[in-house]
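Following: one structure in structure tokens, then a few remarks.
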Amino acid sequence: MDDAGASASRPEEAARSQTHPFQAEVAELLNLMVHSVYSETDIFLRELISNGSDACDKLRYESIARPELLAGADRFAIRILPDKATGTLSIADTGIGMDRQELIDNLGTVARSGTKAFLKGLSEAKEGAGLIGQFGIGFYAAFMVADRITVTSRRAGSGEAWVWTSSGGAGFDVAPASAEQAARVPRGTEILLHLKEDAKRYLEPFELERIIRSYSDHILFPIELVDDKGEARQVNAASALWQRSKSELKQEDYTQAYRSLAMAFDEPALTLHYKVEGRQSYAVLLFIPSTPPFDLADPIRKGRVKLYVRRVFITDDADLLPAWLRFVRGVVDSEDLPLNVSREMLQNNPQVTQIRNGLTGRVLGELESTATKDAEAYAKIWEAFGPVLKEGLYEDRERRDQLLALARFSTTAGSGMRSLEAYVADLKPNQTEIYYLVGESAERIRSNPKLEAARARGIEVLLLTDPIDAFWTVMPQELGGKKLKSLSQGDVDFGLIPLLDKREADQPEREAAKQDDEALIASVKAMLGDTVSDVRASQRLTDSAACLVATAQGRDRELERLLARQNRGGVTKPILELNMRHDLVCALAAAHADKREAEAADIAFLLLDQAHILDGEMPSDPAAFAKRLNALVVRGLRAG
Ligand code: ADP
């Protein structure tokens, strides 16, 4: 950035070795690596090779515009050299390299969101060691096997090389490379690991070869292993798996490719491998993981599908899938996009849009066919990624119907997950809508009084408990002509749907009683004033006395609460619904008829406050609530 300034201070300052502290997170991570009880230390090699491969990718990409950067070393490769005499293992690449500042920034801080999520997960979970394996932790994993690490690096095109050294602990040194060191690294980066006593097996070529083959076989650059005799030999296939034909490949090949592309340890739950030829030609290799990655809820919400153009890696930042498919991992290799396409150009590129539509359709199609062919496997996928897929119900109008058909829900009908198709097939006579309730947990919703009338009729209700559920239900949704309808909003009319228990059915309402009800409701409304937007007789309740619902045009109350918690938007006034047959409401009616105004008001406010409590909210004035409750209880006790 500031070349003049840097060179002015260079002779004095930078020529000497400088010690730098690690960022606190790195220190924490290193401490963990050093004392790691994690047994699968092999992954350090995968991480370093992957960094070397990324560095080669970056340089290959930059050199499209600036071919002079390739001077110094003509080919891209990653070379592994064990040295039993010194007890060191070297992993060297001819990639982009790092200058002094990059060494300090990149190898002194935690940049990747995955590592941050890992540290967070670690502070929440007790069993930390297992987590290391669940996703890579990058360069620092090398401290599991080395007690000292020397990194010598030369940025492509630069005349100078720099050396970074650390023994873990609090910090690292950065110094200019000696002539001998600089000569060893004409371009790129050499990581020299001084292996710990119990990690000396990583000096055995057969051991190294085994690890490379199992974790890094698909890396596109040659990985060369130098044997005891000093001879280098390429040990990986270095071919683009996605360009090969399906018939050549075994599930095991795919699993390995998945693990290495996604830095994962699980099996892919779904694999898609196909080629498109026509207006555009491209090869696709996509995976759906079987376990959700740690950063699934990452607010950046980016997909991780890598874009290659004719076997050259371009970016993993190209929005090749919508955010609601961000758990999909893999590669798209285009034959048509220009090699020098810039990341900015990709953003509104019609070819990319076309690819995205194609990929999205294929992924959904694959999910649909899994759902039909193997319901159990599909249920697992939905459990892991359903909350993310549901974002599409909100964001993607075109895919809404398709996604709704893919969705699975807990319902009041049993403990399993149900599709809307199954729900609709089991509709009650005269039922024309699909009912749901949004809430914090299935247990909480199950005890919600708003379910009472539905329960009395055996009507199935969807129990929506993901935070996203409050959002997508705002959009009109329907399946097979049946609209989704919240039981906590607007009117419900179960009038034509028969009750399960026939004895309760069809008690004809006397005209006189109806008029009394209306008079009572009008006076309750007057007592409660503007704390509610309306008061009415409830169709939802059978056992409870009162509940609150949102107006038909307003927002669902659960969504309002969610937004209010995030300070986004206030709370609107709900409608109070009264169960006209409940004893407390009858007592209110009696007090009202006898002109015991104070008592009637106490009961009215108590009904309102308990409806708030049933929704998991505080009464608006807790002290007044307690006072009224006490007054009524005391009155009741004295009377008894
Ligand atoms: P990640 O690779 O996920 O970003 P790491 O901790 O492994 O995380 O590496 C941090 C950064 O250090 C990388 O993003 C990269 O910029 C740099 N780096 C690591 N290894 C190399 C290398 N061999 N060549 C060039 N840069 C590297």
Side-chain angles (χ1 to χ4, degrees), residues 20 22-23 25-30 32-33 43-63 69 72-73 76-81 89-119 132 134-146 149-158 161-166 168 172 174 177 184-193 215-216 219 221 223-224 260-264 293-295 298 300 302 304 306 313 315-317 329:
H20 304 262
F22 280 121
Q23 181 195 26
E25 275 118 321
V26 177
E28 189 185 338
L29 198 59
L30 287 183
L32 208 92
M33 294 301 111
I43 59 155
F44 86 91
L45 193 58
R46 176 188 80 168
E47 301 292 322
L48 296 184
I49 288 176
S50 156
N51 280 349
S53 164
D54 288 351
C56 291
D57 271 333
K58 279 183 202 155
L59 178 55
R60 185 151 71 173
Y61 181 74
E62 276 193 24
S63 69
L69 289 180
F76 293 108
I78 298 157
R79 182 170 280 212
I80 319 272
L81 186 139
L89 177 67
S90 139
I91 295 100
D93 64 71
T94 51
I96 188 89
M98 287 174 275
D99 60 23
R100 175 173 175 275
Q101 196 56 44
E102 286 169 323
L103 280 169
I104 295 170
D105 293 343
N106 296 340
L107 305 185
T109 57
V110 177
R112 53 201 245 166
S113 61
T115 311
K116 284 197 178 132
F118 164 70
L119 284 167
I132 297 179
Q134 278 185 31
F135 59 113
I137 24 138
F139 169 79
Y140 305 106
F143 279 101
M144 289 195 290
V145 298
I149 300 180
T150 310
V151 179
T152 309
S153 197
R154 184 197 297 272
R155 174 88 204 193
S158 166
W162 292 89
V163 178
W164 177 106
T165 26
S166 175
F172 57 90
V174 175
R184 259 203 344 251
V185 183
R187 184 182 76 217
T189 304
E190 180 205 63
I191 317 271
L192 189 69
L193 307 177
Y215 289 127
S216 309
I219 293 280
F221 302 98
I223 303 174
E224 297 166 352
S260 138
L261 273 166
M263 288 288 191
F294 259 92
D295 51 356
D298 196 328
I300 298 169
K302 276 276 182 189
R304 294 289 164 69
K306 295 181 198 246
F313 173 76
T315 175
D316 54 7
D317 203 19
R329 299 287 186 265

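As the structure lists them, so they are numbered: ligands from 1, and atoms in each ligand from 1. Computed from a predicted structure; not experimentally measured.
The closest approach between Glu47 and ligand 1 stays at or above 4.0 Å for every heavy atom of the residue.
At a heavy-atom distance under 4.0 Å, only side-chain atoms of Thr189, from C-beta outward, approach ligand 1. Residue Glu102 does not touch ligand 1, judged by heavy-atom distances below 4.0 Å. Contact annotation: for Asp54 versus ligand 1, there are no heavy atoms closer than 4.0 Å.
Every atom of ligand 1 is numbered from 1 in the order shown, and the set under 4.0 Å from a heavy atom of Ala55 is 24 (N), 25 (C).
Ranked by closest heavy atom to atom 19 (C) of ligand 1, the top entry among Thr94, Asn51, Ile49 is Asn51. When the options Arg155, Met98, Lys58, Glu190 are ranked by their closest heavy atom to atom 27 (C) of ligand 1, first place goes to Met98.
Of the N or O atoms in Tyr140, none lie within a sub-3.5 Å distance of an N or O in ligand 1. In terms of polar-atom proximity, Ile96 is not counted as a contact of ligand 1, lacking any N or O under 3.5 Å from an N or O of the ligand.
The distance from atom CZ of Arg60 to atom CG of Leu69, rounded to the nearest 0.5 Å, is 14.5 Å. A distance of 8.5 Å separates CD1 in Ile149 from CG in Leu30, rounded to the nearest 0.5 Å. Interatomic distance, CG of Leu48 versus CD1 of Ile43, reported as 10.0 Å (0.5 Å rounding).
Under the ring-ring contact (aromatic ring centres under 6.0 Å, His included) criterion, Phe172 pairs with His20, Phe22, Trp164, not counting sequence neighbours. With sequence neighbours excluded, the residues forming a side chain to side chain contact (heavy atoms under 4.5 Å, CB included) with Arg79 are Glu224, Val226, Ala232, listed by chain and number.
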Let's go through Glu102 and Lys58 carefully: what are the C-alpha distance in whole Å and the side-chain angles of both, what is the deciding distance for salt bridge (Lys or Arg N to Asp or Glu O under 4.0 Å) to 0.1 Å, and is it a yes or a no? CA-CA 14 Å; Glu102 286 169 323; Lys58 279 183 202 155; over 6 Å; no
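Panel note: side chain Thr94, backbone Ala77; a donor-acceptor pair is recorded below 3.5 Å.
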